[in-house]
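Below is one structure; the comments refer to it alone.
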There are 2 protein chains.
Amino acid sequence: MDTGLRERKKTATRMALHEAAVRLALEHGPDRVTVESIADAAEVSRRTFSNYFAGKEEAIFYGDLVRLRRLLELVREQPGDEPPRAVLTTAAERLLAESDRLDPAWVAQRRLLRGHPSLAAHQVAAYAAMERDLTAELADRGLSGLRARVLAATFLAALRAATQHWLEHPDRGLAEWVAEALA
Amino acid sequence: MDTGLRERKKTATRMALHEAAVRLALEHGPDRVTVESIADAAEVSRRTFSNYFAGKEEAIFYGDLVRLRRLLELVREQPGDEPPRAVLTTAAERLLAESDRLDPAWVAQRRLLRGHPSLAAHQVAAYAAMERDLTAELADRGLSGLRARVLAATFLAALRAATQHWLEHPDRGLAEWVAEALA
DNA sequence: TGCCCACTGGGCAAACTTGCACGATGGGAA
DNA sequence: TTCCCATCGTGCAAGTTTGCCCAGTGGGCA
């Protein structure tokens with residue numbers, strides 16, 4: 001972490017844009033939100049928005065990107081001699097443990113954005129990028145190319161499915177659904 | 001007023017620095033405050049502080065400067081054929097009317113800063129600058145150079161004296177003291 | 001006395017933001 | 001269809017902030 005003022009302000013601006021984008025998308029619906037209104041809400045010029053995000057979808061899904069990056073980090077910081085599947089399930093457990101998101105706003109957000117065509121494309125793209133990185137990480141841990149690819153793909157698919165399922169059946173905790181899906 | 005984003009942010013930064021400077025001076029005493037601590041409190045670099053103010057005293061007295069500038073503005077916007085003394089007293093009345101400063105923080109601030117040598121010098125300088133501008137304005141209204149100078153000087157002196165007096169005898173309103181001093 | 005150290009003001013380059021302009025895109029009205 | 005208009009992405013110049021620098025100042029201490 002760079003504790004410099006410049007770096008902190010950039011992070012703050014990125015977060016302000018992300019949060020403004022999510023809030024406005026929830027308030028008015030994802031397609032009735034303009035880049036300009038997001039920039040205004042974040043106290044920043046329209047041009048500056050473009051310096052941070054390629055489009056409003058990217059701004060909306062920035063939270064997911066952070067989450068996925070954190071997951072990759074959790075995978076990487078585990079010892080190299082662990083069995084790959086254990087590494088993945090442990091990482092998933094820790095991710096859920098450190099972000100106890102019973103935050104109802106987050107749930108509402110996911111519910112609203114789910115299934116929205118232009119947004120879904122971006123979410124898929126984010127997962128695809130993560131799949132690449134995760135595959136590389138697993139290959140570094142000795143798996144063959146094919147096995148790494150398959151494991152990464154199925155792991156992320158299971159994660160996504162469990163989250164989706166949890167949104168529709170919040171009677172049990174997300175962690176339980178994830179555990180079941182990974183098994 | 002320029003409603004542009006750039007201009008608004010500059011104003012916000014200047015105000016943040018001014019308010020941080022006053023707050024810290026009140027908390028820790030005027031000389032135990034460093035430029036760096038002011039900049040930190042305003043979420044800005046030490047270098048940026050220097051882009052706005054020449055020193056911490058200037059930052060502390062920026063509020064007074066704004067007040068004095070507003071007074072000059074109130075003088076200027078009055079019709080040119082008014083008697084000069086009436087112009088001044090009217091301007092003073094309006095200034096007091098629009099800023100009903102019974103704000104106890106402001107009083108505490110003035111009490112603390114009053115008499116502090118390094119600060120007093122700057123306050124005097126601010127009044128001197130205003131005296132110049134006010135003299136010029138009065139000269140534009142037809143007064144001879146000497147009369148303009150004297151009227152400006154006595155008017156500002158009366159204002160300052162009334163404020164000072166009010167700080168020590170807050171039993172009557174500031175407006176009353178000012179009215180009496182001007183008479 | 002001389003030395004150290006915190007604080008300051010300001011030069012400078014690099015990084016960042018803003019404002020503006022221009023072309024591209026797409027939806028809706030004539 | 002064709003035209004209009006809102007929105008968008010992006011290049012560019014000007015304005016602003018940051019970080020690093022260094023020299024000057026003044027208080028405290030050996």
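Being a predicted model, the structure only gives us computed values, none of them experimental. Basis for what follows: all heavy atoms, side chains included, without hydrogens, waters or symmetry-related copies.
- Of all nucleotides in DNA chain D having an atom under 4.0 Å from a heavy atom of chain B, the first and last in 5' to 3' order are dA14(D) to dC21(D).
- There is no path of hydrophobic side-chain contacts, each under 4.5 Å, that joins Leu119(A) to Leu17(A).
- In this structure, the side chain of Thr48(B) does not engage the main chain of Val44(B) through any donor-acceptor pair within 3.5 Å.
- Summarising the geometry, atom NE2 belonging to His122(B) is positioned 8.5 Å from atom CZ belonging to Phe61(B); distances are rounded to the nearest 0.5 Å.
- Cluster annotation: Phe155(B) is connected to Val75(B) through the hydrophobic network of ILVMFWY side chains, with a link wherever side-chain heavy atoms come within less than 4.5 Å.
- A salt bridge links Glu98(B) to Arg70(B): one of the charged nitrogens lies within less than 4.0 Å of a carboxylate oxygen.
- Straight-line distance from the CG atom of Leu5(B) to the P atom of dT17(C): 11 Å, rounded to whole Å.
- Place Arg6(B) and Glu7(A) on DNA chain C by their nearest nucleotides, and Glu7(A) ends up nearer the 5' end.
- Although no hydrogens or angles enter the test, the distance criterion places a donor-acceptor pair under 3.5 Å between the side chain of Gln78(B) and the main chain of Leu74(B).
- Not counting sequence neighbours, the partners of Arg76(A) by the salt bridge (charged side-chain N to carboxylate O under 4.0 Å, His left out) test are Glu137(A).
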Show every donor-acceptor pair shorter than 3.5 Å between a side-chain atom in residues 142-150 of chain A and any protein atom, with sequence neighbours excluded, or say none if there are none.
{"residue": "Ser144(A)", "atom": "OG", "partner": "Arg147(A)", "partner atom": "N", "Å": "3.3"}

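- Under a 4.0 Å N-O distance rule, the pair Arg23(A)/Glu19(A) does not qualify as a salt bridge.
- Listed by first and then second residue, the ring pair (Phe, Tyr, Trp, His ring centres under 6.0 Å) pairs that reach into residues 4-36 of chain A are His18(A)-Tyr62(A), sequence neighbours excluded.
- Taken residue by residue, residues 16-31 of chain B places no heavy atom nearer than 4.0 Å to DNA chain D.
- For DNA chain D, the neighbouring residues in residues 42-55 of chain A, judged by any heavy atom under 4.0 Å, are Arg46(A), Arg47(A), Ser50(A), Ala54(A), Gly55(A).
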